[in-house]
Amino acid sequence: MKDLLTKCKNKVEGLIMGAIQQIYNRLYHCYGSQGWWPADTVFEMMIGAILVQRTNWSNVEKALCQLTLIYHQSN
C-alpha cells in the first residue's frame with residue numbers, strides 16, 4: 001500500500017510540475033525575458049531569491065554586498 005501511495009504521489013507531483021512548466025513556457029513565449037530581478041550576476045539572483053523568502057529586501061541587499069565582498073576577496 002505504501003508503494004502505491006508513493007507512486008501516486010510521485011505521479012501527481014510530476015503532473016503538477018509539468019503544468020507549471022507549461023504555464024511558464026507560455027508566459028515566456030508571450031512576454032520573453034523580463035530582466036526585472038535586481039542583480040548583476042546569476043549568483044546574486046539565485047542567492048537573493050533564496051534570502052528574500054525569509055527577510056525584507058533591504059536586508060537581502062546588505063547580505064549580497066557582504067557576500068560579494070567576500071567572494072571578490074577570495075578570488
Side-chain angles (χ1 to χ4, degrees):
M1 181 70 169
K2 189 174 183 178
D3 288 341
L4 179 61
L5 289 174
T6 301
K7 287 180 183 178
C8 185
K9 179 182 176 235
N10 291 341
K11 180 75 171 175
V12 169
E13 287 174 353
L15 290 172
I16 291 170
M17 289 307 296
I20 291 170
Q21 186 67 49
Q22 285 181 348
I23 292 167
Y24 170 83
N25 290 341
R26 287 180 184 173
L27 289 170
Y28 189 84
H29 178 74
C30 288
Y31 300 106
S33 177
Q34 298 296 298
W36 60 268
W37 193 267
D40 293 329
T41 65
V42 172
F43 175 77
E44 284 184 21
M45 181 207 42
M46 292 185 302
I47 298 300
I50 293 167
L51 291 175
V52 79
Q53 299 302 310
R54 291 286 199 181
T55 188
N56 64 50
W57 184 250
S58 64
N59 288 335
V60 172
E61 285 181 311
K62 292 174 190 174
L64 286 173
C65 285
Q66 291 299 314
L67 287 170
T68 302
L69 286 173
I70 292 167
Y71 175 77
H72 288 297
Q73 288 173 353
S74 67
N75 286 331

Approximate separation, where rounding is to 0.5 Å, of [X] [atom1] and [Y] [atom2]:
| X | Y | atom1 | atom2 | answer |
| --- | --- | --- | --- | --- |
| Leu69 | Leu64 | CG | CG | 11.0 Å |
| Gln22 | Leu27 | CD | CG | 12.0 Å |
| Asn25 | Cys30 | CG | SG | 11.0 Å |

ILVMFWY cluster, [X] and [Y] together (side-chain gap under 4.5 Å):
| X | Y | value |
| --- | --- | --- |
| Phe43 | Trp57 | yes |
| Ile16 | Tyr24 | no |
| Val42 | Ile47 | yes |

- What pairs of residues pass the salt bridge (Lys or Arg N to Asp or Glu O under 4.0 Å) test when at least one of them lies in residues 60-70, not counting sequence neighbours?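 Listed by first then second residue: nothing to list.
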
- Query: At their closest point, which heavy atom of Glu44 faces which heavy atom of Thr68, and how far apart are they?
  - Reply: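 Heavy atoms of Glu44 and Thr68 come nearest at OE2-OG1, 3.5 Å.
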
- Quick one: closest heavy-atom pair of Gly48 and Val60, and the distance?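 Gly48 and Val60 have their closest heavy atoms at CA-CG1, 3.8 Å.
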
- Query: Do the side chain of Asn56 and the main chain of Asn59 share a donor and acceptor less than 3.5 angstrom apart?
  - Reply: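 Yes, because the side chain of Asn56 sits within donor-acceptor range (under 3.5 Å) of the backbone of Asn59.
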
